[in-house]
There are 2 protein chains.
Amino acid sequence: MTHSQLRPPTMADVARQAGVSHQTVSRVLGDHPNVRDETRARVLRAIEEMGYRRNFSARALATRRTRTLGVVASNTTLYGPASTLFALEEAARAEGYLVSTVSLRRLTMETLSEALDRLSEGGVEGVIAIAPQRSAVEALAELRHPFPVVAVGTGSGAEVPSVNVDQNLGARLATGHLLAAGHRRVWHLAGPEDWQEAVDRVDGWRATLEAADVEPPMLLRGDWSPLSGYRAGQELAGWVGRGLTAVFVANDQMALGVLRALREAGVRTPQDVAVAGFDDIPESEFFAPPLTTVRQDFATVGKRSIALLLDLIEGRTPSGTSQVSIEPQLVVRASTFPYLPLPGAAPG
Amino acid sequence: MTHSQLRPPTMADVARQAGVSHQTVSRVLGDHPNVRDETRARVLRAIEEMGYRRNFSARALATRRTRTLGVVASNTTLYGPASTLFALEEAARAEGYLVSTVSLRRLTMETLSEALDRLSEGGVEGVIAIAPQRSAVEALAELRHPFPVVAVGTGSGAEVPSVNVDQNLGARLATGHLLAAGHRRVWHLAGPEDWQEAVDRVDGWRATLEAADVEPPMLLRGDWSPLSGYRAGQELAGWVGRGLTAVFVANDQMALGVLRALREAGVRTPQDVAVAGFDDIPESEFFAPPLTTVRQDFATVGKRSIALLLDLIEGRTPSGTSQVSIEPQLVVRASTFPYLPLPGAAPG
DNA sequence: GACGTCATTGTGAGCGCTAACAATTCACGG
DNA sequence: CCGTGAATTGTTAGCGCTCACAATGACGTC
């Protein structure tokens, strides 16, 4: 056992043991310059001996700072949110902040409000809300909170400071790539209407087609899951031979379902139908066939979000004005091109 | 703007406004029974009007409780850790606790120690360490910390209280399933030696073969990534026709790589070689072919871990003794069986 | 040798809350 | 009409830290 049941030592205890005042102990801990080396050493020894650790709550009360940020997220087992969460925590840690997370199953006005309350009671100095559902954005703007909030994935229209990957651009990259490869039309399997990212991807897809003077074909909807992609894929298979040669799917998981459905229907990818996805999850390179997709730089999203939130906390930036946009990147693989095997190599 | 720059109101401010003492305000907030209804209403109105929120630090200082738990994890973008994290946070929230997470890139004695220090300075009352690497377990046992720690995924041998899915059983289920399907031998692509889960899965695989009087074939190693599975799959393809008909792969991501390599080598799954995985990631049902795998119940892992940690914090359980084990479950799909399409359905 | 200056250390007053106890009020029976 | 106990409210003392300021001592200067 390494933790004892006794009341932990206080700064005053350490001070007594070292023969100094509590304030000197505080100075040593705070790296204050004006402490004699000999004194500092004595204090450090006492700290070590007694296993002293500064009390977080007392410190926070006196300084009025908790150095803790909150994050509200949903669907955190998916690659995108999980990656964003990771990047946020890492960026916050680099700035000396701790992160408290609330992971919601569903993001609604009510759950969001509860989450913010909870984080507020937890003493956070600011919150990042990963809120891709459009309903959540409005909630954010209306809700009262005693700290700044930065939204991620809400799209850039809001009155709330936000950080976003340019989804429209991503969709244009994918759609444009398919057109450039010689496909006359590109179909689209979209995400739920309620998601801003889904809307932006539809817009980018449609804009690209219209710019090329192509009439957008029927729009299909899924719910991001592989199963919904599978179902849509079954429908798409029915259009092969009737003008369907290319599909832009709004995320990689649905694209996986589409690939399976096409395969089962005897449709070859990419020879009969080319498929592109969105997200570049780690698995997509190994799909059958490897998937062309759009990569989002979640690490940058995390860093920029934390930077913006800290600016807001320190009062360096007027809130409401700041919108950060990040460029995605097209990753071309076999699902839209003749087959390319990986360079072979001996097993590690 | 919903947050003001002014110093937020204190309990005393509210008390003054409501014409009561600060203690009465505290009673109202704490749902103390002995407050007259009329008084309570007056206080609540004042709270509402002033937008008052209890100060977390002051409360924590006075009660000596932060109601915050810490979690240390690594590889949090993978399905397993992400799911565990989600379950942990949800379970903690249900108990009225907030969760502070530290996500490490690599889990070593040093990074783990830093993470615990950080959480300690953050005032957590206890920590869950998702520490599947064996090196981390030793570190945990040695490190000093002023709060209880529960390990997850370390295997049940340790002196640290821990919660684990029975990996050995999972491996026996998968291997046994392949033997029962008529395969004479089952090969194994293992995870890194440094991971306890990888070790347990190897042991379960080997034990099953030996119990059936089969000599275990050569063991292959990967690093959990699809790419390492791909490389191993290329090697495995060379053994087709020389006794290889079934492979148990230590996780689904590597299995995905194996499937691709076999496909590229012209080896059919499951007709020529059956493949089983481990984890049941959401994608695995849509692999080519859909993957037989072992499902771990992360939600239960989360709940049991939090319950154990809270027991330790409240002093209800002697630490060091508690080992919780959770049973995994075999999920049979087409990769080890004749092809089974999903029931078709109209797109949603 | 008195005095100013700087480095070093100590003192006292909160930070905003809860817990323990004290005080007051009220209802009701004798 | 007073005593008694329960219900209700107030008072006081910390929780363990940091901040502002005061005090001390060493050192150099004129």
Could you tell me if [Y] and [X] have a donor-acceptor pair between their side chains, going purely by distance under 3.5 Å?
X        : Y        : result
A:Gln196 : A:Gln133 : no
A:Thr68  : A:Ser100 : no
B:Ser162 : B:Gln323 : yes

Starting from [atom2] on [N], measure out to [atom1] on [X] and report it in whole angstrom.
X        : N      : atom1 : atom2 : answer
B:Leu29  : C:dC17 : CG    : C1'   : 11 Å
A:Arg7   : D:dG14 : CZ    : C1'   : 11 Å
B:Arg16  : C:dG16 : CZ    : P     : 12 Å
B:Glu121 : D:dC17 : CD    : C1'   : 13 Å
B:Arg64  : C:dG16 : CZ    : P     : 20 Å
A:Arg59  : D:dG16 : CZ    : C1'   : 12 Å

Short side-chain N/O contact to [N] OP1/OP2 from [X], under 4.0 Å:
X       : N      : answer
A:Arg54 : D:dT18 : yes
B:Arg65 : C:dT18 : no
A:Ser26 : D:dT18 : yes

Let me have a per-nucleotide readout for nucleotides 4-14 of chain C, 5' to 3', with B, S or -, counting only protein heavy atoms under 4.0 Å.
----BBBBB--
Out of D:dT18, D:dC15, C:dC17, which nucleotide sits closest to the side chain of A:Met11?
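Shortest atom-to-atom distance from the side chain points to D:dT18.
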Do the side chains of B:Arg65 and B:Glu314 get close enough for a salt bridge, i.e. N-O under 4.0 angstrom?
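So B:Arg65 pairs with B:Glu314 through a salt bridge.
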Just checking B:Phe56: base, sugar-phosphate only, or nothing, at a heavy-atom cut-off of under 4.0 Å?
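The residue B:Phe56 makes no contact with any strand.
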Between the side chain of A:Asn164 and the main-chain N/O of A:Ser325, is any donor-acceptor distance below 3.5 Å?
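Here the side-chain-to-backbone pair does not exist.
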Picking from A:Met50, A:Arg7, A:His22, what satisfies side-chain contact (heavy atoms from CB on, under 4.5 Å) with A:Asp13?
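That would be A:Met50; it is the only one of A:Met50, A:Arg7, A:His22 passing the side-chain contact (heavy atoms from CB on, under 4.5 Å) with A:Asp13.
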Would you say B:Arg105 has more than 12 foreign heavy atoms packed within less than 6.0 Å of its CZ?
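12 or below, so no.
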